[in-house]
Amino acid sequence: MSDKIQLLPDNIANQIAAGEVIQRPASAVKELLENAVDAGATEIKLIVADAGKSLIQVIDNGSGMSETDARMSFERHATSKINNIDDLFRIRTMGFRGEALASIAAVAQVELKTRKTEDETGTLIEIENSVVKNQEMIAFPKGTSIAMKNVFFNVPARRNFLKSNPVEMRHIVDEFIRVAMAFPEIFFSLTANGQEIFHLEKGTLKQRIVHLLGASYNAKLVTVQEKTDYLTIYGFAGKPDTAKKTRGDQYFFVNNRFIRSAYLNHAVMSAYQAMIPADSFPMYVLFIDLDPAQIDINVHPTKQEIKFEDEKIIYAFVQAAVKHALAQFSIMPTLNFDLDPGIQKLDAVEKPFTEEKKTNAEASSLYNTFTQKNQAHFIDSKSELKHWKDFYPEPKQQSGFKSLLAAHTEPVSDKLEYEQTVTANRSLQGSGDQKLQLLEDVPMLQLHNTYIVASTNTGYILIHQQSAHERILYERYIIAAKGKPIPIQRSLFPLTVPLAAADAALLQELLPDLAVLGYEIALFGKDTFVIHGTPADVETGNEKTAIEQMLEQFKHFNSEVKFSRREKLIRSLSWQHAVKPGRSLSQQEMKTLGEELFATAQPNITPSGNPTYIAFKKDYLERMFGK
Ligand code: ADP
Ligand code: MG
């Protein structure tokens, strides 16, 4: 009589288990889409009604199921994706636990229609509360359709806990995007309440990203692509000026599975250091592919966390790959490949000479950099490939990722490493090469009233006068904004500036920030301002134009990016006050520009990420002349 334990009836046990897998409509969406992908479909349609609460249907043109398999698929732990224990370490499919369909059938009314290509007839199964209600042979096109109706109809407590339709729909769209992003070679569509929200034709990853995240990214993506024996990373990172105030468009996929990882996110963020404002978030879509045995897959199916065998290697690799990609975009073309030595020792660079390595290397962006962009004139045939190894001082015999690891993680203790990796990456200059220094007392040369040729300790650089000045001003304004105000020159005869109503409203909003940056401006009657003072380095007589141009530029930034108002103002002002091409500079002006540029924290790029100079190394020059 004292015994209290009893077995739960099957349907209750199933519902509890199902709750783990199917927490909300979006979880079913994820499972059904992944099943369709696993079935090799090239077209997948998702249809939902009532934010998935009344209907979630996925129709695919994949392998389909035999009659027996269709029946079996709803059994708990029934899967076609694992046969033996070793398979567990080779998982390439999205699912493998055989729980999803069983869970879905436990908490909803399900209608499965399926046909294998080689079968003449298809199968219809209707199942509810884990009980098969109907099974018959039907005519059906090749593939599978699974409709899940009235989720949690039999578990009112859970149904009542579902959020409002907009919230549940947002979750569904998120899951849809994550799957569709990872498989651009598959057509996807999403129809909600009869309206097609997404229609994604097959295409490249870039096209898919732009379709999913918006056309504003179109010309703003930098290719990330690196390969070692151990892992591959590819995808896209947004140019610095696409960084947003909200952490939205950040995607990591490991073996095509979307994951969340604060650790890897940190690796990407550190690669952007000093290129974007501190409180903004760069866009990225990155795919890491590695041997499944290197990942602990024994996490819960709905969890998006992942455990790598060696997280540090992945961190260093992700960081290096993104830095490299950004550097290519921002300081290219440059003959001086000033990146971390770690990157230069990736396999693709170090060992390009076996056939296999050569194939790897040729796929690598490093290879393309050297063969196409910069070195095209003197390395244009494969027979000359051996030369490019010489560009690196004393290549080591380590394997690619070991030396990558060494470069990033060996010298520091575990605890400090996180922070130090970040500090070490402040500058794209890298630590391995000599620090670039301008030679004093060597005259500079201005070309086309735009470029400045300046000698350095390692060769020479070609400075773009406007871009360099932009960087200098930007950092000066940043410092000013932090409390060291810009000196103001007061005008004896204050200028009045009438503005259009919209501009007037904008300027009024900016006045406090402008004051910090050296502009003393006050409202003077309706839509008219009076300029009492301007920064000491603004040429007098230009104040009115300066204000108008600044407003124009601000509006331009306003539509482009989501920086803070002050950040946008600072960027506008640095752009606007920078010397423009066409302006002839004196020896003294060039010298000051050069010195001030190299005194900045990030001399090699403008605030928006364009190069400020291109470096040419002496030994490259000698090589070009065959010396
Ligand atoms: P898992 O995906 O973990 O194997 P599921 O419960 O999601 O488990 O699916 C069970 C099995 O049903 C799968 O292993 C697969 O064989 C089959 N299956 C499910 N969905 C489809 C589909 N859309 N097309 C073909 N087969 C499917
Ligand atoms: Mg599955």
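Both ligands and their constituent atoms are indexed starting at 1 by order of listing. For reference, positions follow the sequence shown, starting with 1.
Not less than 6.0 angstrom separates the ring centroid of F198 from the ring centroid of F188.
The side chain of D60, and not its backbone, has at least one atom closer than 4.0 Å to an atom of ligand 1 (non-hydrogen atoms only; side chain from C-beta on). Contacts between T79 and ligand 1, counted as non-hydrogen atom pairs separated by less than 4.0 Å, involve both the backbone and the side chain. Heavy atoms of A100 found under 4.0 angstrom from ligand 1 belong to the backbone as well as the side chain.
If you number the atoms of ligand 1 from 1 as listed, the ones under 4.0 Å from a heavy atom of S73 come out as 10 (C), 12 (O). Ligand-side atoms of ligand 1 in range of M65: 17 (C), 18 (N), 21 (C), 25 (C), 26 (N), 27 (C), range being under 4.0 angstrom from any heavy atom.
Within 6.0 Å of NZ in K142 there are more than 12 heavy atoms belonging to other residues, nucleotides or ligands. Within a 6.0 Å radius of NE2 in H171, other residues, nucleotides and ligands contribute more than 12 heavy atoms. With a 6.0 Å radius and a threshold of 12 heavy atoms from other residues, nucleotides or ligands, K45 has its NZ atom at or below the threshold.
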Inset, instruction - Evaluate side-chain hydrogen bond (donor to acceptor under 3.5 Å, both in side chains) for S145 paired with Q57, printing each intermediate quantity in order. - result: CA-CA 7 Å; S145 155; Q57 182 174 18; 2.9 Å; yes

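Taking 2.8 Å as the threshold, T79 does not count as a candidate ligand of the Mg ion (ligand 2), since none of its N, O or S atoms lies below it.
Using a non-hydrogen distance threshold of 4.0 Å, E31 does not register as a contact of ligand 1. Heavy atoms of S63 come nearer than 4.0 angstrom to ligand 1 in at least one pair.
In this model, no donor atom of one side chain and acceptor atom of the other lie less than 3.5 Å apart for E43 and N61.
Every N/O-N/O distance between I146 and ligand 1 stays at or above 3.5 Å. Checked by distance only, ligand 1 and N35 come closer than 3.5 Å through their nitrogen or oxygen atoms. Considering backbone and side-chain atoms together, G98 places an N or O closer than 3.5 Å to an N or O of ligand 1.
Aromatic ring pairs are classed by plane angle as parallel below 30°, tilted from 30° to 60° and perpendicular above 60°; the pair Y234 and F287 is parallel.
Expressed to the nearest 0.5 Å, how far CE of M283 lies from OG1 of T242 amounts to 7.0 Å.
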